[in-house]
Amino acid sequence: MANSARWYDEVENLTTRLVKINSISPSVKGENACAAEIRRALEDRGVDAGYWEMAADGRRIVWAMVEGEAVPSDAEKVPTVVLLGHLDTAGIQDYSQDLDPFDPQGLRDRLIERYRRNPATENERILDAVSQEWMFGRGSFDMKSGVAAQIAVMGALAASRASLSGNAVLVATPDEEVESAGMMHAVERLLELSDAHNLEYVGAINSDYTAPREPGDETRTIYRGTIGKLLCCFYVRGRETHVGEAFRGLDANLISANLIQATNLNVALCDEADGEITVPPITQKVRDFKARYDAQTPLSAVVHCSCLVHSWTPRQVLNRMVALANAALGDANQRRVARWRSYARRRGSPNDLPDLGGRVWTYRQLYEAVEEKLGSARLSRELEERAFGTIRETRRILAPLSPDEKDFLIDNAWLVGIDSRERSLVIVRTLVDVAIREGVFDARRPAIVVYFAPPFFPPVRGNAASRLNEAISAEVESGEYGDIRFRGFYPYVSEMSYVRVDRAVYESLPTLKANFPLWRDPGDEVPRDLRSDYFIIPFDAIRQLNCDVANIGPWGKEAHGKGERVHMPYSFETVPDLIHNVVLRLIGDSTDGGTRR
């Protein structure tokens, strides 16, 4: 390992300081407290730092820049490396009430106490605690240790700025665990920074977590691109009936169950590209809309399915999901008819049962069918007034509750929130209601509406021949860091998706937008009070930024779980050393092609 033990104590201390701050997203207070601590740590190291404030809610993005003092006088632009990270964390619902998720030492001590009571244990979490090589706590792994490593690197670069032939910029965003609103805001600010200082972004190094890809995997990995994610949604309508007349209708939950079986862990939906394969889709949410008990079956339901992609476009994903939805609806109809025949034989009934039929719509197909009846302006106005009228009223009713009270009700399944998935659903249900009124949608027949909802993470295929990735390859191949693998696609979704857009993704955006109820472009006319309610990705700005990407991040286990932990020797020493030396290869002393230290 290069420069052994240079970074460890500093990164351990920084990580502990950041983990102790509760910055679960979304939380203006918590995320801004973490932002303040990051800024303080940077300024303590002689790095000029500031905030970019998000207009919607006042959450702060930390940014900082170290300006090299050895930039050649004839340079047209200043080569600049961006260090990307996020300061927010996932929730803590899986921790028991007697554990403090933000106390690394306390969590480790509790596990060591369990070991003392049972030294023969084979519990991996306990054995890791006993080894003294792991730090526990929410955010320790995802990704406050990565931000801590970047802070330490920025401090080292500031100390050597006299020899740097370029700049380094750090950006730490809120909201990554929700919808990456912080990164969406930062894209525009990075372009402004580039214009103001004549910068050329030669690469963005993200430091999000890396983990075992399967049980027993000890491989340390760097990634030159990132996986994409589409949230595929199915609004399902059956045909309601009394439970005593079960065959008269078609249960929406039966259709939903078929959809789950068709998509969940379906390896035919794994996208393979460049010799790498995504994990199959998995259900992220399913529920029906029967709020109270009575003897009627649910009329409608919704299913959310996460689909990860390397190369598939939104159109290709949509076509696959529509085909599976048609099969799920057809199978439900066939099951109903077949079960009736068995039941009728036992009753001695000669009567047959008709297939209820039905249809699968894409959101775009249904929208255009209604638009033909009402016209574009009237339909758009009615959807906005009715759907967001419901959303505003929901917010009004919830307003007296504190954030903790809302979280309690949501976490205990007594309240559905009004996040962007729910807002998308309100729009879809409103469109269906209008379509029924206008005679476009047959309420007597079962149906499925297929659509997309936030978040959307576009895949990015890394360029192995880029300056950034050639620098990483050269550094890794130096042999000073142990066995590290360099792969194509970061597998867990990340904000690398928003610093570059591949051509195939950009060309497929019309299909995505048309089937994404909450989508708006930055230039679209949107009522001011609703702007933060829509999902807006500044793709034109991302195309202009066009920054090559890589992920050099901490290694650990159980991200988002109650055993979240980061491996300290690799994450606190190897990771910052590697980032630092890669940056120096890109903007080090230009007289010798970059100076490593």
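Residue numbers run from 1 in the order of the sequence given. What's counted below: heavy atoms across the whole structure, side chains too, no hydrogens, waters or symmetry copies.
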For the pair K20 and E37, find out whether any cationic side-chain nitrogen is under 4.0 Å from an anionic carboxylate oxygen.
no
Worked check of salt bridge (charged side-chain N to carboxylate O under 4.0 Å, His left out) between R500 and D502:
CA-CA 7 Å; R500 205 186 89 195; D502 292 347; 2.8 Å; yes
Around E76, counting heavy atoms of other residues, nucleotides and ligands shown, do more than 12 lie under 6.0 Å from its CD?
no
How far apart are the C-alpha atoms of R189 and E192, what are their side-chain angles, what is the distance that settles it, and do they pass the salt bridge (charged side-chain N to carboxylate O under 4.0 Å, His left out) test?
CA-CA 5 Å; R189 304 292 81 77; E192 292 171 2; 2.7 Å; yes
Under 3.5 Å, is there a donor-acceptor pair between the H567 and E133 side chains?
yes
Hey, does the side chain of S165 reach the backbone of G588 with a donor-acceptor pair shorter than 3.5 angstrom?
yes
Which pairs, with at least one residue in residues 201-214 and sequence neighbours excluded, count as a side-chain hydrogen bond (donor to acceptor under 3.5 Å, both in side chains)?
Q150-S207, N206-N551, R213-Y223
Near R114 CZ, under 6.0 Å, is it more than 12 heavy atoms from other residues, nucleotides or ligands?
no
Can you tell me if E177 and S25 form a side-chain donor-acceptor pair at under 3.5 Å?
no
Tell me the closest heavy-atom pair linking V575 and I552, and the distance in Å.
CG1-O, 4.0 Å
Which atoms form the tightest heavy-atom contact between A471 and R585, and what is the distance?
O-CD, 3.5 Å
Does any non-hydrogen side-chain atom of L190 lie less than 4.5 Å from one of W52?
yes
Do you know which two heavy atoms are closest between R60 and N32, and how far apart they sit?
N-OD1, 2.8 Å
Do the non-hydrogen side-chain atoms of S140 and E564 ever get within less than 4.5 Å of each other?
yes
If we only count heavy atoms from C-beta on, is the M65 to D48 side-chain gap below 4.5 Å?
no
Which atoms form the tightest heavy-atom contact between R138 and G561, and what is the distance?
NH1-O, 3.0 Å
Crowding at CD, E122 (>12 non-hydrogen neighbours, <6.0 Å)
no
State whether the number of non-hydrogen atoms from other residues, nucleotides or ligands found under 6.0 Å of D524 atom CG is greater than 12.
yes
Measure the shortest side-chain to side-chain distance between P538 and E188 over non-hydrogen atoms and say whether it is less than 4.5 angstrom.
yes
Distance under 6.0 Å and angle within 45° of the ring axis: does R543 meet both against Y506?
yes
Does NZ belonging to K29 count more than 12 external heavy atoms closer than 6.0 Å?
no
So that I know where these two stand, are F456 and F516 an aromatic pair - ring centroids less than 6.0 Å apart?
no
Think R565 forms a cation-pi with W134, using NZ or CZ under 6.0 Å from the six-ring centre and within 45 degrees of its axis?
yes
Does R59 pair with D88 as a salt bridge, N-O distance under 4.0 Å?
no
Would you call E113 and R116 a salt bridge, using N to O less than 4.0 angstrom?
yes
Give a yes or no on whether K513 atom NZ has more than 12 heavy-atom contacts from other residues, nucleotides or ligands under 6.0 Å away.
yes
If we ignore angles and hydrogens, is there a donor and acceptor under 3.5 Å between the side chains of H86 and D142?
yes
